[in-house]
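Data block below; observations after.
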Amino acid sequence: MHTINVILCGGVGSRLWPLSRKSRPKQYLPIFEGETLFQNTVRRNQGFCDQAMVVGNCDNYELSRKDLTLAGVEDFVEIIEACPRNTAAAIAFAAFAARAEDILFVTPSDHLIQAGEGYDHAVKRAIHLAKEGDIVTFGLKPTRPETGFGYIEAAGEEVKGFREKPNLQTAETFVKSGNFFWNSGMFCFQAGVYLKELKAFEPEVYAASLIAFESAKDGKLDFELSMRIPSISVDYAVMERTKKIKVVPSEFPWSDMGSFESIYDHFKSMGHGVDSNGNMVIGTNLHTEFLGLKNTLLIQTPDAILVLNKENAQDVKKVFERLERDKPELVE
């Protein structure tokens, strides 16, 4: 029985445009004390896992290889998706590539996590439960009423239910109750247990994923076969339906780095400059003045400038989608 860190690398980071592009999603940006979130993920989990397995896409696998080398990892398994088919299929590919009894510790590649005693305890507990046949998710104790995350309702390690991203009033109720946790997007289970549940709940996803996996050449999946796989998240496919589910209530510093609000908060905590009104500049050393603005970010790259209020960080995705239609060269 081996423990494998399955690193998911499918996202494009559309909410971090113009820093993040299709050709260099946020997990490959070396803006976190000179390292990337991908490198941090690999290093953070090496002590728990016997091997790394990367499930990425055809546009970015060379970036993953580069970061693995920089992180000092030479022995890894690589699965290259021809097109995005969501997390249920991505994890299925990893499970097919492992032995049934192997423990898969599934982590996104683009989250910022501070390793330490809290993280160590949570991961070790999850691996223990996975060895007993449970399907484990990590629930993070909320530090604020966040509307951008899904929640898990729990009693100890027993999952009572999953909740979609709430409005602010509902999120405040969740936080006050004390038995709701942020859904971290991290999981732990035996490969065979996951595949058995996936086959039971989503047989079409299972079958189509298996055909695509078995037809792969040098780890690269076929486009036509991949397109036949229904696109569905692991939460909908398995987590919200299995009776084997457990949650590990966790307390460690975590952020999905999913918006410029997260980037702002992290950079500020690391001593990045802000003016007296909370305005911040990223990407240029040019002297910049803000007049009549508060909590505003100016982000500059060689071909684009974005100016936004921190509170509008979630709307950057709309800009990305518009440019994808009208000026695709700016998002590539």
Side-chain angles (χ1 to χ4, degrees), residues 11-17 19-20 26 37 86-87 108 110-114 118 122 137-187 232-236 239-241 245 247-270 272 274-280 282 290 292-299 306-322:
V12 298
S14 58
R15 289 182 177 86
L16 294 186
W17 182 89
L19 293 181
S20 183
K26 64 176 177 176
L37 293 173
N86 219 315
T87 50
D110 57 359
H111 290 182
L112 183 66
I113 293 173
Q114 184 176 321
T137 185
F138 292 75
L140 285 157
K141 185 175 181 179
T143 57
R144 62 186 184 277
E146 173 62 54
T147 60
F149 303 151
Y151 285 73
I152 301 169
E153 183 180 6
E157 294 179 342
E158 300 298 318
V159 175
K160 298 299 183 181
F162 290 82
R163 301 295 184 91
E164 295 297 318
K165 297 175 182 179
N167 59 33
L168 181 59
Q169 183 178 0
T170 303
E172 290 172 344
T173 302
F174 286 173
V175 173
K176 289 179 181 177
S177 74
N179 61 335
F180 282 83
F181 299 84
W182 288 339
N183 189 346
S184 69
M186 297 165 50
F187 312 103
I232 183 171
S233 74
V234 67
D235 285 316
Y236 289 129
M239 298 298 157
E240 296 181 10
R241 299 155 81 177
I245 191 72
V247 61
V248 173
S250 307
E251 289 190 63
F252 51 81
W254 170 91
S255 173
D256 70 345
M257 285 291 125
S259 71
F260 275 113
E261 185 173 16
S262 301
I263 294 288
Y264 177 99
D265 292 342
H266 174 68
F267 276 26
K268 186 177 179 181
S269 72
M270 299 303 295
H272 192 94
V274 296
D275 69 13
S276 59
N277 288 313
N279 300 307
M280 178 183 290
I282 297 174
F290 295 86
L293 299 171
K294 293 184 178 181
N295 298 324
T296 298
L297 290 94
L298 184 149
I299 300 99
L306 174 69
V307 181
L308 75 152
N309 189 279
K310 184 162 70 87
E311 295 178 357
N312 296 103
Q314 294 295 331
D315 294 332
V316 177
K317 184 176 182 179
K318 298 175 183 177
V319 175
F320 183 96
E321 291 171 346
R322 175 170 52 79

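Index from 1, following the sequence.
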Kindly compute the distance separating [atom1] ([X]) from [atom2] ([Y]), expressed to the nearest 0.5 Å.
X: M186; Y: F138; atom1: CE; atom2: CZ; answer: 4.5 Å
X: E158; Y: E153; atom1: CD; atom2: CD; answer: 12.5 Å
X: E146; Y: S262; atom1: CD; atom2: OG; answer: 7.5 Å
X: I299; Y: M280; atom1: CD1; atom2: CE; answer: 9.5 Å
X: N295; Y: N279; atom1: CG; atom2: CG; answer: 7.0 Å
X: F252; Y: Q114; atom1: CZ; atom2: CD; answer: 11.0 Å

Non-hydrogen atoms of [X] and [Y] that approach each other most closely:
X: P166; Y: A171; value: CG-CB, 3.7 Å
X: G185; Y: P108; value: O-CD, 3.4 Å
X: V274; Y: Y264; value: CG1-OH, 4.1 Å
X: M239; Y: F187; value: CE-CD2, 3.6 Å
X: V247; Y: A154; value: CG1-CB, 3.6 Å
X: D235; Y: F162; value: OD1-CE2, 4.5 Å

I'd like to know whether CZ of F267 has more than 12 heavy-atom contacts from other residues, nucleotides or ligands below 6.0 angstrom.
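More than 12 heavy atoms, drawn from other residues, nucleotides or ligands, come within 6.0 Å of this atom.
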Out of I245, L140, T137, N179, which residue meets the side chain to side chain contact (heavy atoms under 4.5 Å, CB included) rule with I152?
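Of the listed residues I245, L140, T137, N179, the side chain to side chain contact (heavy atoms under 4.5 Å, CB included) partner of I152 is T137.
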Pairwise side-chain contact, [X] with [Y], heavy-atom cut-off 4.5 Å (strictly under):
X: L16; Y: F260; answer: yes
X: V316; Y: S259; answer: no
X: D110; Y: L37; answer: yes
X: K310; Y: L297; answer: yes

Mind checking whether F180 and Y151 have parallel, tilted or perpendicular rings, split at 30° and 60°?
perpendicular
Strictly under 6.0 Å, is that where the ring centroids of F149 and W182 end up?
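Here the rings of W182 and F149 have centres that are less than 6.0 Å from each other.
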Looking at [X] and [Y], would you say the former's side chain and the latter's main chain have a donor-acceptor pair under 3.5 Å?
X: N309; Y: E311; value: yes
X: T147; Y: K165; value: no
X: T296; Y: K294; value: yes
X: S250; Y: V248; value: yes

Worked check of side-chain contact (heavy atoms from CB on, under 4.5 Å) between K26 and L19:
CA-CA 8 Å; K26 64 176 177 176; L19 293 181; over 6 Å; no
